[in-house]
2 protein chains.
Amino acid sequence: MERKPTVTIIDVAQRAGVSPGTVSNALTGKRPVSPETRERIFRAITELGYQPNLVARSLVNRSSKTIGVVAFGLEFYGPSRTLVGIEQQAADLGYSLLLDLLHRPDSKDVEAVLDELIARRVDGIIWAVHEVGDNRSWINERRLHSLPPVIFLTMEPRPGASIVSTDNRTGARLATQHLIDIGRRNIGIICGPSSWWEVRERLAGWSGALGAAGLESSPPLIIEANWTARSGEDAIKTLLERRPNIDAVFACNDQMALGALRYCHANGRRVPDDLSIVGFDNTPESAYFWPALTTVRQHLAELGRVAVNELHRQIERRGQSKYPVPPVSRVLQPELIVRESSGAKPE
Amino acid sequence: MERKPTVTIIDVAQRAGVSPGTVSNALTGKRPVSPETRERIFRAITELGYQPNLVARSLVNRSSKTIGVVAFGLEFYGPSRTLVGIEQQAADLGYSLLLDLLHRPDSKDVEAVLDELIARRVDGIIWAVHEVGDNRSWINERRLHSLPPVIFLTMEPRPGASIVSTDNRTGARLATQHLIDIGRRNIGIICGPSSWWEVRERLAGWSGALGAAGLESSPPLIIEANWTARSGEDAIKTLLERRPNIDAVFACNDQMALGALRYCHANGRRVPDDLSIVGFDNTPESAYFWPALTTVRQHLAELGRVAVNELHRQIERRGQSKYPVPPVSRVLQPELIVRESSGAKPE
DNA sequence: GAATCTGCTTAAAACGTTTTAAGTTGCGTC
DNA sequence: GACGCAACTTAAAACGTTTTAAGCAGATTC
């Protein structure tokens with residue numbers, strides 16, 4: 001097994017007639033190097049085709065300029081969009097991304113994933129797994145203290161944890177209020193699995209808006225589905241069987257709204273004339289559903305960018321002071337996108 | 001700036017009363033360690049809360065057990081699905097993923113990205129950026145030789161390059177043949193940007209099938225769009241204005257097919273009675289379009305898994321022999337999914 | 001009972017950087 | 001002409017592992 005000799009900073013130093021330390025200074029710019037030396041060094045670098053070794057640098061710096069991202073459900077629009085935002089901001093700030101996927105949101109492999117991130121000495125972690133069931137039970141002050149800074153996406157506030165999330169409750173309230181405003185009075189909701197925190201928040205937003213308007217928000221108007229279009233189709237069927245007089249449905253994502261639309265087409269319910277439908281997420285396709293879907297827009301990429309910025313801030317500050325960085329929370333506001341499926345006149 | 005002393009393999013060794021080398025042996029299992037010693041070592045590890053440092057290990061091993069993934073368009077279904085496949089297989093084989101995103105498929109930052117991957121000493125690279133324009137012009141034997149093994153996704157065969165891709169031409173032929181089989185005779189195509197290699201392949205498949213059946217495949221039947229639903233809507237409009245007698249359209253992805261469906265709804269063209277529509281990709285939503293979309297399924301996650309397997313093979317082999325590993329190509333076959341929008345009886 | 005073998009164990013030398021503390025210049029001051 | 005200073009440079013010591021080559025028991029062989 002032959003090995004082509006790698007060219008190191010030492011070779012460069014020799015060729016340029018200086019010491020390795022000086023080459024390092026020229027490369028990192030952390031200390032001044034005279035123009036002539038600098039010039040000689042860079043000539044040597046190109047002549048030798050030197051490629052710096054970030055692994056070695058990480059070892060001595062004890063920092064890898066890497067952010068670990070733990071995510072779930074990347075094949076869906078929301079998570080993948082957020083990941084794009086994370087990557088953009090990370091790249092802008094000079095970090096690389098180490099990606100770890102959980103295969104179930106309530107996976108028990110959490111410890112293994114954390115150990116790997118620690119072993120690789122990531123500078124910080126973005127936890128982009130939705131809060132489902134007790135999949136956050138591992139979080140406690142002691143465990144967090146043993147980790148680099150962590151930013152959690154979309155989770156219930158918890159002492160000691162930094163969180164960035166969308167205001168799901170407000171989003172659902174906007175959607176529901178819109179339905180009320182256009183005159184709907186019997187408004188059902190198709191939820192995702194109630195083990196998801198986001199779902200409980202949206203449910204609260206829905207019932208809050210209804211309650212404030214003096215309208216009913218009882219269990220028969222609520223049905224749980226599993227985020228897929230298929231489950232949305234089944235759900236609206238059940239809902240309409242239970243309450244044939246329902247005149248509007250708020251679906252907790254666009255896919256389920258699509259399933260609901262399909263059910264209505266197949267069963268002669270006109271949307272929006274007989275029934276208004278509103279979704280959540282504003283997937284790019286939703287504007288081209290038939291009818292075009294009224295929905296709630298989350299700023300997904302922004303969510304990722306904000307998380308990285310906050311993480312960066314915490315990484316820097318932890319390096320400077322020995323006191324723990326106080327956690328912060330940021331909440332992003334969603335907005336209502338009115339299209340055809342709700343029946344309002346598009347302005 | 002205080003520094004909590006990190007516990008190293010040396011501390012473990014001291015506590016267990018052995019040398020660091022032995023601890024390493026116990027940890028990696030590369031050399032035998034007697035049961036008693038082993039036991040003592042692991043006790044010391046848990047007592048001290050030792051966490052191995054993969055950075056140091058990478059430095060001496062000259063291998064980081066990391067795969068660099070360069071991707072584009074993660075917010076779309078295809079790329080993100082493929083990434084999931086990549087991650088799964090990589091995790092199974094013990095690799096971590098370093099993710100780099102290009103913000104445009106024809107980005108010129110290629111060299112910077114490659115330099116970073118080299119600097120971080122990834123063991124291999126998966127190039128998951130679609131072939132667009134001349135964005136692969138950097139590929140040549142000399143450059144490839146200076147890199148760790150690379151697997152390219154979805155690109156035109158090139159000497160010296162290992163490639164994994166879907167057989168786009170066959171996919172388009174399947175779709176078109178299906179339209180012919182159900183009696184359509186004037187079949188248009190909505191392409192993505194013709195700078196994309198995949199698009200040219202699909203176009204070739206479409207015209208091949210038509211030619212074989214003695215049907216027309218002239219330029220007026222071809223229109224270029226940009227993958228979005230909106231562009232699909234515009235495209236079919238133009239197509240129908242040019243050729244009002246068109247009775248079928250093959251759209252190069254499901255989003256554009258959705259736009260086409262919407263146009264038909266809005267303009268009183270019945271699908272599939274007046275016009276058949278077929279898409280490409282089999283996005284999860286496509287089964288819930290109205291009417292449900294006939295489409296071509298790509299095995300996207302499988303694509304990613306196959307790529308990682310092949311990359312792994314090449315990494316291993318390069319380590320063993322000094323001769324360059326011969327490149328290989330793998331082509332995955334897509335399949336036709338018949339639903340309602342084409343008008344065939346679902347079997 | 002010497003020689004050989006087997007199975008662990010170890011000291012020391014990498015791996016490729018950065019950083020620390022100690023020079024070394026040359027230059028202006030008093 | 002000694003001194004202090006500014007501006008670079010440098011030798012050597014980390015950083016936390018793995019690996020190499022040698023060493024050391026005890027068992028086996030002749």
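All figures in this text were calculated on a predicted structure; none of them were measured in a lab. The chains referred to below are lettered A, B, ... by the order of the sequence lines, with proteins before strands, and numbering in each begins at 1.
Between the CG atom of A/Leu54 and the P atom of C/dG16 there is a distance of 14 Å, given to the nearest Å. At whole-Å resolution of the value, CZ in B/Arg38 and P in C/dT9 are 11 Å apart. When rounded to the nearest whole Å, the span between CD1 of A/Ile118 and P of D/dG16 equals 15 Å. The interatomic distance linking A/Asp11 (CG) with C/dC15 (P) rounds to 11 Å, in whole Å. Summarising the geometry, the separation between CD on A/Glu36 and P on D/dA7 is reported as 14 Å, rounded to the nearest angstrom. In this structure, the CD1 atom of B/Ile41 is 8 Å from the P atom of C/dT9, given to the nearest Å. Between the CZ atom of B/Arg121 and the C1' atom of D/dT17 there is a distance of 17 Å, given to the nearest Å. Between the P atom of D/dA12 and the CD1 atom of A/Ile10 lies a distance of 13 Å, rounded to the nearest Å.
Checking C/dT17, C/dT9, D/dC15 against the side-chain heavy atoms of A/Tyr50 singles out C/dT17 as nearest. Nearest nucleotide to the A/Ala56 side chain, out of C/dT17, D/dT9, C/dC15: C/dT17. When the nucleotides D/dT18, C/dT17, C/dT10 are ranked by their closest atom to the side chain of B/Ile9, D/dT18 comes out on top. Side-chain atoms of B/Arg57 lie closest to D/dT17 of the nucleotides C/dT9, D/dT17, D/dT10. Picking from D/dG16, D/dA21, C/dC15 the nucleotide with the shortest atom distance to the side chain of B/Arg31 gives D/dA21. Picking from D/dT18, C/dT18, D/dT17 the nucleotide with the shortest atom distance to the side chain of B/Asn61 gives D/dT18.
A salt bridge does not link A/Arg330 to A/Glu310: none of the charged side-chain nitrogens sits closer than 4.0 Å to a carboxylate oxygen.
A donor and an acceptor atom, one from each side chain of A/Glu116 and B/Ser96, are located under 3.5 Å apart. Donor-acceptor pairing under 3.5 Å is recorded for the side chains of A/Ser146 and A/Arg143. Remark: the B/Arg120 side chain and the A/Ser64 side chain contain no N/O donor-acceptor pair separated by less than 3.5 Å. With no hydrogens or angles considered, no side-chain donor-acceptor pair links B/Glu131 and B/Thr154 at under 3.5 Å.
Neither OP1 nor OP2 of D/dT18 sits under 4.0 Å from any side-chain N or O of B/Thr28. For D/dG16, one of the phosphate oxygens OP1 or OP2 lies less than 4.0 angstrom from a side-chain nitrogen or oxygen of B/Thr6. OP1 or OP2 of C/dT18 has not a single side-chain nitrogen or oxygen of A/Lys30 nearer than 4.0 Å. Residue A/Thr37 has a polar side-chain atom (N or O) positioned under 4.0 Å from OP1 or OP2 of D/dT9. Within the structure, every side-chain polar atom (N or O) of B/Ser34 is placed at least 4.0 Å from both OP1 and OP2 of C/dC8. Dashed line: the shortest gap from a side-chain N or O of B/Thr22 to OP1 or OP2 of C/dT10 is under 4.0 Å. Between A/Ser24 and the phosphate of C/dT18, there is a side-chain N or O to OP1/OP2 separation shorter than 4.0 Å.
Backbone-only engagement by A/Gln51 is indicated by non-hydrogen atom pairs under 4.0 Å involving sugar-phosphate atoms exclusively. B/Val55 comes within contact range of no nucleotide atom at all, as no heavy-atom separation falls under 4.0 Å.
In this structure, A/Asn25 and B/Ser19 both approach DNA chain C, and ranking their closest nucleotides by distance from the 5' end singles out B/Ser19. The 5' end of DNA chain C is approached more closely, in terms of each residue's nearest nucleotide, by B/Arg40 than by the other of B/Arg40 and B/Leu59.
Results of the side chain to side chain donor-acceptor pair (under 3.5 Å) test with A/Tyr95 over A/His312, A/Gln89, A/Glu87 single out A/His312 as the only residue that passes.
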